[in-house]
Amino acid sequence: MRTRVDHLSVAARCRANPGQWQEVGEYNSAQSASGMVWAIHNARAWSTAAQAVSPYAPAGAFEATRELTEFGARVKARYVGSTNEAWNDALAALTAAPTTRREYLLAAVTEYGGEVTTQVAEELMADSPWPTAGRNTLRKDLRGLARDGRLTAQDRAQDGRRVYRSTALVKETTR
C-alpha cells in the first residue's frame, strides 16, 4: 500500500532547497503520477474545499517530473521561484512571522527582555493573534519553552514566584 504524501513538507523542503529535485512520492500508475505533476506545476489543490490553496502555489513556481519505476511512477518536484513579487513578499513575511502561540510567546518574551511571570505573559499576549489565551495555557507554554531550553526558569527568592527569561538574553548578560 502506498503511503500518503505530506505535500506541505515536500513544498517546504523544495522552497528550502531551490533548484534541487525532491522526491514527492511513488504512485501506482503513470496516469496518477502525471496528474500529480500537472497539479504541482499548476498549483491546483486537490481538496474540494472552496478555500483550499495548493502548497505548491503560485502556479509555475514549481517544476515536477515523473519517472517510471517497477511498481508505477515516481514524482519529483523542485522550486524554481515565482515572478510574482507580491507573492514572494507575502511568503517571506509569512515565514518570518511566528505561526504558533508558543513561538509568538517566545518572540514576545525575547523582545520584552526582562523577567516574565504568567501575569506579564498574559499582558504580552493581549495584542497577539491569541488574545484569549488563559493563564493556565500560558503557564504551560512557558514551562514547555523552558523544558525545550528556549527559556530559563527560576524562582524569585523575595516572593517565590516563578520567572522566565529568554536564553538568548541570559547568554548575552553572562558574557
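Throughout, numbering of the chain's residues begins at 1 and tracks the sequence.
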- Message: Salt bridge check, Glu26 against Arg74: does any charged N sit closer than 4.0 Å to a carboxylate O?
- Response: yes
- Query: Just wondering, more than 12 heavy atoms not from Asp155 lying within 6.0 Å of its CG?
  - Reply: yes
- Task: May I ask you to check whether over 12 heavy atoms, not counting those of Gln158, lie within 6.0 Å of atom CD?
- Result: yes
- Message: Are Val37 and Val5 linked, directly or through intermediate hydrophobic residues, by side-chain heavy-atom contacts shorter than 4.5 Å (ILVMFWY only)?
- Response: yes
- Message: For a quick test of reading the model, state the closest non-hydrogen atom pair linking Val116 to Val109 and the distance between them.
- Response: CG2-CG1, 3.9 Å
- Message: Let me confirm one number: the CD-CZ distance from Gln119 to Arg161, rounded to the nearest 0.5 Å.
- Response: 6.0 Å
- Message: So, taking the atom named CD in Glu122 and the one named OG1 in Thr117, what distance separates them when rounded to the nearest 0.5 Å?
- Response: 9.5 Å
- Message: Please give me the minimum heavy-atom distance between Tyr104 and Ser128, naming the atom from each residue.
- Response: CE2-CB, 3.1 Å
- Note on the structure: Minimal heavy-atom distance between His7 and Val24, with the atoms involved, is CE1-CG1, 3.7 Å
- Closest approach of Gly149 and Thr167, non-hydrogen atoms and distance? O-CG2, 3.3 Å
- Message: Against Arg102, only a single residue in Asp141, Thr137, Leu138 fulfils side-chain contact (heavy atoms from CB on, under 4.5 Å); can you say which?
- Response: Asp141
- Message: Can you tell me how far apart CG (Leu151) and OG1 (Thr110) are? Round to the nearest 0.5 Å.
- Response: 7.0 Å
- Rounded distance [0.5 Å steps], OG1 in Thr152 versus CD in Glu115: 9.0 Å
- Message: With a 4.5 Å cut-off on side-chain heavy atoms, are Leu142 and Arg162 touching?
- Response: no
- Would you mind reporting whether Leu124 and Tyr112 have side-chain heavy atoms less than 4.5 Å apart? yes
- Item | Considering all heavy atoms, the nearest Tyr164-Ala146 contact | CE2-CB, 4.0 Å
- Would you say the side-chain atoms of Arg13 pair up with the backbone N or O of Glu23, donor to acceptor, closer than 3.5 Å? yes
- How far apart are the closest heavy atoms of Pro131 and Ala126, and which atoms are they? CB-O, 3.3 Å
- Query: Any Lys/Arg nitrogen of Arg150 or Glu103 sitting under 4.0 Å from an Asp/Glu carboxylate oxygen of the other?
  - Reply: yes
- To the nearest 0.5 Å, how far apart are CZ in Arg15 and CD in Gln22? 12.5 Å
- Query: When rounded to the nearest 0.5 angstrom, what is the spacing between OH in Tyr56 and CE in Met36?
  - Reply: 7.0 Å
